[in-house]
Amino acid sequence: MILASEVVEVYVNYALTKDDTEAINELGVWPGREDISKKVSTKAKSALTRALNKEHRLLPYAIIDMAKGRKAAAVEPEVEIDEEGHVIERKLAGSDDENGDDEDEEVKDMAGVIIQKPSGAKSPSTSGATRGGRGGGGASRVIGIPRKSSLENSGPPKNIGIKGFEFYFPKNYVDLADLEKYDNEVGKYTKGRGQKEMSFCTDCEDSVSMALTVTSALLKNYNIDIKDIGYLSVGTESLVDKSKSIKTSLMRLFKPEENHDIGGVDMKNACYGGTEAIFGAVDWLQANYDTEHRNAIAVLVDIAVYGEKSARSTGGASAIAFLIGPDAPISFEKGLRSYYMEDITDFYKPIGGMASEYPVVNGADSIKAYAQALDECFTAYNKKVLRLLNKERSIEDYVAVMFHCPYYRLIQKAFARLVFKDFLDGRNTNLVGAEKLEQLRNITLEESLNSREFWHDILLSANDLLKEKVEPNVEFNLRLGNSYTASLYTQIIKLIHRISDHEELNGKKALLFSYGSGCASAMFSLTFNLDDEKNRNEYENMRKSALNAAERMESRVRYSPDEYTAIMKDREDLIESEKPIVPHALNNGKFPEIFPNTYYLTHIGENFLRYYAIHT
């Protein structure tokens, strides 16, 4: 049996009142469950009340008269607790409020809200009884713990991450087996680079139209109240304007409800900009959600086109819009984010001369920069894991490892490098050919890039893990090509598409590497939180989006290399035109092949302004 004196000791040590006890008890009361406080007899409550009142203890906060316009008594009130456990204040003789004559008076409650009391309403101090129980003798009123607003009570957000997405790609594609024959590069695009197909846009689609398409689909399909969005950022390198951001073009989607209070603009650095758009959304939520209670959207959109024959096979096009918020089924691990940035000119789109969509590319420098950034990010990331979690992780600890993917062969090698670094650092020594890997311990970055023996040995050691951690999630990369900012994130969509068993993912981690030439890169991780019904339902909604995308993939239109080449020429003519122009795709006697509910460019008018409509 617990004595009343023992309970009093807990109250004293933690500066508790019985209002605190009541609040704690209410947290445990659920429909269908018994209220355990009812098991305490009235006799026991009375004994505890008397014991507490004998303490004459001071509380660690002031109990003040909140009546507006009244000066509080210059005496310290006594504090008591009635038999039902409410803190009460007994006013001493001679205090200002003794008669309780304060009808029709404005009273400021403990949250600072002005409340106008109706005429004739009794003051709590003259009611003769406290809330929920008997009066304590004399003129008394209930004093509660100062309550916070609902915003203050919410606290910082947790598990910020992906709560929804939509995925758009154009309806047009070219088969790379056809294109490599056309370019007299048989085997290079398919067997050499590991690709299958490549998506592309006609001249009536651009980055703005694709961003409008995917963002409007997200708002509609997830039934998002546009007033609930407080941040929207776009990651892209496919600019149609050097000043005006695509994000501002997307604001037309928020005009019906006049929500102009939305932060964020465009993020640009080659293929990396989409990652920074997502990080911006996550960080905005971390800083603002407890006062804003609104979510964020990150849009990743790009059209990758190249002028040279061989490089053209690494093109592609797609767009993804992510709904980012707290308590997400797929969350970003806080603090586990590493970067590698350096001034490199491996790929760039300079200002000067004739306007062009085509980049200047130094392929050898780009491959080296990618490998260097990967190595440095992985090293920095693992240091943060050890520092923050006080343990190490190996590649085997992740359910999936995902990469920015210009072409599949590059990320096969990238994954093998990570497995090799795991081996060197002692995180995974149980690999095929471990003896040969040991002999490669002192190889430099430059030596490794040009050594066939190196690649043969590390690819062989990593092969089993590659089939488990990477290969299952790259279908969209193989069939859409390199869509720059969206490239990495199509692998998340494929994982969601193929895994329906929540238990297979719940609690698991995924490791991601984002790279953009120039160079900017980051490594970070995701956690799958599928242990409650709300998150499982959100995951299933995302699976519907992924399944829909896979279904649309099968309804695309295949173009011949000749047709594809002609369409690239149409895009060149559109960009280079010095006068108003209608896209050739709209001006050739037939409507272009685009999916329903797709925005498209209707024309470029005076002063090079672009105009858009939606195909319904």
Any donor-acceptor pair under 3.5 Å linking the side chain of [X] with the backbone of [Y]?
{"X": "N535", "Y": "N529", "answer": "yes"}
{"X": "D203", "Y": "H584", "answer": "yes"}
{"X": "E276", "Y": "G273", "answer": "no"}
{"X": "D266", "Y": "K247", "answer": "yes"}
{"X": "N288", "Y": "W284", "answer": "yes"}
{"X": "D570", "Y": "T202", "answer": "no"}
{"X": "S209", "Y": "E205", "answer": "no"}
{"X": "N506", "Y": "L530", "answer": "yes"}
{"X": "T215", "Y": "L212", "answer": "no"}
{"X": "D422", "Y": "I395", "answer": "yes"}

If you compare all heavy atoms of [X] against all heavy atoms of [Y], which two are closest, and at what distance to 0.1 Å?
{"X": "G194", "Y": "Y408", "result": "O-CB, 3.8 Å"}
{"X": "K163", "Y": "I324", "result": "CD-C, 4.5 Å"}
{"X": "L285", "Y": "A296", "result": "CD1-CB, 4.1 Å"}
{"X": "I594", "Y": "Y600", "result": "CD1-CD2, 4.0 Å"}
{"X": "L445", "Y": "A371", "result": "CD1-CB, 3.9 Å"}
{"X": "R556", "Y": "S199", "result": "NH1-CB, 4.3 Å"}

I'd like to check the ring-ring contact (aromatic ring centres under 6.0 Å, His included) partners of [X]; sequence neighbours left out, ordered by chain and number.
{"X": "F528", "value": "none"}
{"X": "Y173", "value": "none"}
{"X": "F279", "value": "F524"}

Test side-chain hydrogen bond (donor to acceptor under 3.5 Å, both in side chains) applied to S545 and Y222, step by step: CA-CA 10 Å; S545 296; Y222 286 81; 2.9 Å; yes
Check this for me: does any side-chain nitrogen of one of [X] and [Y] sit under 4.0 Å from a carboxylate oxygen of the other?
{"X": "R193", "Y": "E185", "answer": "no"}
{"X": "D206", "Y": "R571", "answer": "no"}
{"X": "R479", "Y": "E475", "answer": "yes"}

For K244, which residues count as a side chain to side chain contact (heavy atoms under 4.5 Å, CB included) partner, sequence neighbours excluded?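 Partners of K244 by the side chain to side chain contact (heavy atoms under 4.5 Å, CB included) criterion, ordered by chain and then number, come out as D241, T248, S249.
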Taking only residues two or more places apart in sequence or in another chain, which ones pass side chain to side chain contact (heavy atoms under 4.5 Å, CB included) with L239?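 Side chain to side chain contact (heavy atoms under 4.5 Å, CB included) check on L239 returns T236, K268.
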Scan for salt bridge (charged side-chain N to carboxylate O under 4.0 Å, His left out) pairs involving residues 365-382, sequence neighbours excluded, and state none if there are none.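 Output for this query lists K368-E446, D375-R417.
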Residue pairs passing the salt bridge (charged side-chain N to carboxylate O under 4.0 Å, His left out) test where at least one lies in residues 338-351, sequence neighbours excluded: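 Non-adjacent pairs meeting salt bridge (charged side-chain N to carboxylate O under 4.0 Å, His left out): E237-K349.
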Residue among I246, V208, T485 satisfying side-chain contact (heavy atoms from CB on, under 4.5 Å) with V234: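 Running side-chain contact (heavy atoms from CB on, under 4.5 Å) over I246, V208, T485 with V234 returns exactly one hit, I246.
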From CA spacing to verdict: side-chain hydrogen bond (donor to acceptor under 3.5 Å, both in side chains), D302, S483: CA-CA 6 Å; D302 269 309; S483 46; over 6 Å; no
So, F167 versus F165, ring centres under 6.0 angstrom or not?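 Distance test on ring centres: not under 6.0 Å, no.
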Taking the six-membered ring for Trp and the single ring otherwise, decide whether the centroids of F591 and H615 are under 6.0 Å apart.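 F591 vs H615: aromatic centres under 6.0 Å.
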Quick one, Y612 with R610, criterion side-chain hydrogen bond (donor to acceptor under 3.5 Å, both in side chains). Give me CA distance, side-chain angles, the key distance, then yes/no. CA-CA 7 Å; Y612 302 89; R610 295 189 173 216; 4.7 Å; no
Report the C-alpha distance between T190 and E180 in whole Å, list the side-chain angles of each, state the deciding distance to 0.1 Å, and finish with yes or no for side-chain hydrogen bond (donor to acceptor under 3.5 Å, both in side chains). CA-CA 8 Å; T190 53; E180 65 185 3; 2.9 Å; yes
If the condition is side chain to side chain donor-acceptor pair (under 3.5 Å), which residues does [X] pass it with, not counting sequence neighbours?
{"X": "Y358", "answer": "R312, E572"}
{"X": "E578", "answer": "none"}
{"X": "Y381", "answer": "R393, Y398, S525"}
{"X": "S521", "answer": "none"}

Using ring pair (Phe, Tyr, Trp, His ring centres under 6.0 Å), reason through F513 and Y370 one step at a time and then give a plain yes or no. CA-CA 10 Å; F513 173 66; Y370 187 104; 5.4 Å; yes
Would the number of heavy atoms belonging to other residues, nucleotides or ligands and lying under 6.0 Å from NZ of K196 be above 12?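 Open.
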Tell me whether the count of non-hydrogen atoms from other residues, nucleotides or ligands lying under 6.0 Å of CG in D501 goes above 12.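 Counting other residues, nucleotides and ligands, CG of D501 exceeds 12 neighbours.
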How would you list all residue pairs meeting ring pair (Phe, Tyr, Trp, His ring centres under 6.0 Å) that involve residues 549-572, not counting sequence neighbours?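 As it turns out, the ring pair (Phe, Tyr, Trp, His ring centres under 6.0 Å) pairs with a partner in residues 549-572, which skip direct neighbours, are F200-Y559, F200-Y564.
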Between CZ of F415 and CG of L459, what distance do you get to the nearest 0.5 Å?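 Here the rounded value is 10.5 Å.
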To the nearest 0.5 Å, what is the distance between CZ on F420 and CH2 on W455?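 Between F420 CZ and W455 CH2, I get 10.0 Å after rounding to 0.5 Å.
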